[in-house]
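Data first, discussion second: the structure below is written as structure tokens.
In what follows, chains carry the letters A, B, and so on, assigned in the order in which the sequence lines appear, proteins first and then strands, with residues in each chain numbered from 1.
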2 protein chains.
Amino acid sequence: MSLRMALLGLLTSSGPASGYDLTKLFESSINHAWQAKHSQIYPELNKMAADGLVTVEEEGPRGRKTYTITGEGARELREWLIGKTPSRLVRSEGALRAFLLPTLEPHEAVALLRTEAEVYGARLAKLEALRERKTAHHGAQDPADVSARFGKYALDLGIRQARVMSEWAEETAAEIESSIRS
Amino acid sequence: MSLRMALLGLLTSSGPASGYDLTKLFESSINHAWQAKHSQIYPELNKMAADGLVTVEEEGPRGRKTYTITGEGARELREWLIGKTPSRLVRSEGALRAFLLPTLEPHEAVALLRTEAEVYGARLAKLEALRERKTAHHGAQDPADVSARFGKYALDLGIRQARVMSEWAEETAAEIESSIRS
DNA sequence: ATCCGCATGTAACAGGTTACATGATTCA
DNA sequence: TGAATCATGTAACCTGTTACATGCGGAT
């Protein structure tokens, strides 16, 4: 269901779009929370059309099909968001590595954590720059800028999460290091 | 690979264990970062034995097989942790919902966020209580307490992440609410 | 004796990734 | 005219979930 809901969300926020467009939108936004390639998105859109959640309103060059969300599609999305008790399961290789950390020699764990801290720190800086650019634009209403309307809260969450990862890695490295010396 | 590495990690930290044991260990620890049921774990252990990463050292009652990690298994785990550039992909329904939030009416989004804040707040409290219990025990070295040695850093990360989610949900709800009024 | 927990497995399905395959349009 | 990008699709494979299936051992 998650993929389906993600696509309905993108169609709601960005308006009618092709599978190709949606694949790129996916990559540049929802990808932080969920992943899917075009090879999964195209068949899913066909199924969604068969289920009446989207319609093909327009066929363009190169067989391009432009999908539009239907009333039923919007209802499904809303129902999924509001009606369902949310699963808070997370699959994260980064968190898994946290569990596996104690299987390493302390000095190796420290090295690993320092690298991670750097990676997440870089990610944090990138996301913060992105937010800066967005809030700077604030006055210039660009209705075509999907990510501006779409990703505001998600971006904020992403920033907080990146910060947590980098702080955790840095502080844990320091803690292990000091316990080596003692 | 992730499941395989998780199992090698559990075998390293807890010592020899059966598939049944590992399934339960999985549920009570790594489950926060990765999920797998016994129906996936049993076949994987058989494959790992075929690949020489674990051996069955002992067969007990009810067909119980006790798996022990081999040198090669330990090497594989270490290599995976240190040698590989880590993927930081995350699949999280919670984060996905953050992206879909703007598709709701503001008052609906606020209600959803308040519920989430509560759920993550409760989770945070539970994890913090768990940490408390652990640090209280500090003097009492219980070598059988796997989670004590295994999950220290992971638990700390989990606490930080739960805190971020609940704070984000609460603050975002407040922000949307104030923007409704204006 | 009966029930619960231990203990292992398989099969069918759902969800996702990688690789293969094809062809149209645009721009330089 | 050649390269890049647009645009869609399928097939094989891997990973994970749900459901089915079976039986032993210990406790009351």
Side-chain angles (χ1 to χ4, degrees), chain A residues 1-8 10-11 14 16-28 30-51 54 56-67 80 84 87-93 95-96, chain B residues 1-8 10-11 14 16-28 30-51 54 56-67 80 84 87-93 95-96:
Chain A
M1 273 308 92
S2 291
L3 172 60
R4 191 169 274 222
M5 297 310 142
L7 293 173
L8 290 174
L10 285 172
L11 286 172
S14 72
S18 70
Y20 188 84
D21 297 336
L22 290 167
T23 301
K24 281 191 305 172
L25 282 171
F26 214 99
E27 258 163 36
S28 66
I30 289 181
N31 208 245
H32 298 295
W34 207 264
Q35 296 85 46
K37 316 284 175 174
H38 80 272
S39 56
Q40 197 186 359
I41 291 173
Y42 287 128
E44 185 64 28
L45 285 168
N46 283 325
K47 277 183 236 160
M48 288 162 74
D51 293 346
V54 297
V56 178
E57 289 293 320
E58 195 197 323
E59 304 217 11
R62 277 167 290 198
R64 177 190 169 95
K65 297 190 232 169
T66 303
Y67 292 92
W80 187 79
K84 188 195 153 233
S87 135
R88 12 152 223 70
L89 292 182
V90 170
R91 231 178 264 273
S92 155
E93 221 182 272
L96 176 58
Chain B
M1 274 306 93
S2 292
L3 172 59
R4 191 169 274 222
M5 297 310 143
L7 293 172
L8 290 173
L10 286 172
L11 286 171
S14 72
S18 68
Y20 187 85
D21 298 336
L22 290 167
T23 301
K24 281 191 304 171
L25 282 172
F26 215 99
E27 258 163 36
S28 65
I30 289 181
N31 208 246
H32 298 296
W34 207 264
Q35 296 86 47
K37 317 282 174 174
H38 80 271
S39 56
Q40 197 186 1
I41 291 172
Y42 287 127
E44 185 64 28
L45 285 168
N46 283 325
K47 277 183 237 160
M48 288 162 73
D51 293 346
V54 297
V56 179
E57 289 294 319
E58 194 197 325
E59 305 216 12
R62 278 166 292 197
R64 177 189 170 95
K65 297 190 230 167
T66 302
Y67 292 93
W80 186 79
K84 186 196 155 235
S87 135
R88 12 149 225 73
L89 291 183
V90 170
R91 231 178 264 274
S92 154
E93 220 183 272
L96 176 57

Q: For A:Tyr20, enumerate each residue passing the ring-ring contact (aromatic ring centres under 6.0 Å, His included) test, keeping only those at least two apart in sequence or located in another chain.
A: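 Expected list: none.
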Q: Go through the structure and list residues passing ring-ring contact (aromatic ring centres under 6.0 Å, His included) with A:Phe26, not counting sequence neighbours.
A: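 Result, ring-ring contact (aromatic ring centres under 6.0 Å, His included) vs A:Phe26: none returned.
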Q.
Restricting to side chain to side chain contact (heavy atoms under 4.5 Å, CB included), what partner residues turn up for A:Arg62, sequence neighbours left out?
A.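 None.
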Q. Salt bridge (charged side-chain N to carboxylate O under 4.0 Å, His left out): which pairs involve residues 30-45 of chain A, sequence neighbours left out?
A.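 Qualifying pairs: A:Arg4-A:Glu44, A:Glu44-A:Lys47.
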(Q) Could you work out how much the helix from C:dA1-D:dT28 to C:dA28-D:dT1 bends, comparing the axis of its first five pairs with that of its last five, to 10°? (A)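 The two end axes of the helix from C:dA1-D:dT28 to C:dA28-D:dT1 meet at 20°.
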Q. Within less than 4.0 Å of OP1 or OP2 of D:dG16, is there a side-chain N or O belonging to B:Trp34?
A.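 It does, given that an N or O in the side chain of B:Trp34 lies less than 4.0 Å from OP1 or OP2 of D:dG16.
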Q) If we only count heavy atoms from C-beta on, is the A:Ile30 to A:Met5 side-chain gap below 4.5 Å? A)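 The answer is no; the side chains never approach within 4.5 Å.
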Q: Classify every nucleotide of nucleotides 4-10 of chain C by which part a protein heavy atom approaches to under 4.0 Å, writing B for the base, S for the sugar-phosphate alone and - for neither, in 5'-to-3' order.
A: -BBBBBB
Write down the distance between [atom1] ([X]) and [atom2] ([N]), rounded to a whole number of angstrom.
X	N	atom1	atom2	result
B:Lys37	D:dA21	NZ	P	20 Å
B:Glu93	C:dA14	CD	P	18 Å
A:Arg91	D:dT15	CZ	C1'	8 Å

Q) Among D:dG16, C:dG16, C:dT17, which is the nearest nucleotide to the side chain of A:Leu3? A)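 Comparing D:dG16, C:dG16, C:dT17 against the side chain of A:Leu3, the answer is C:dG16.
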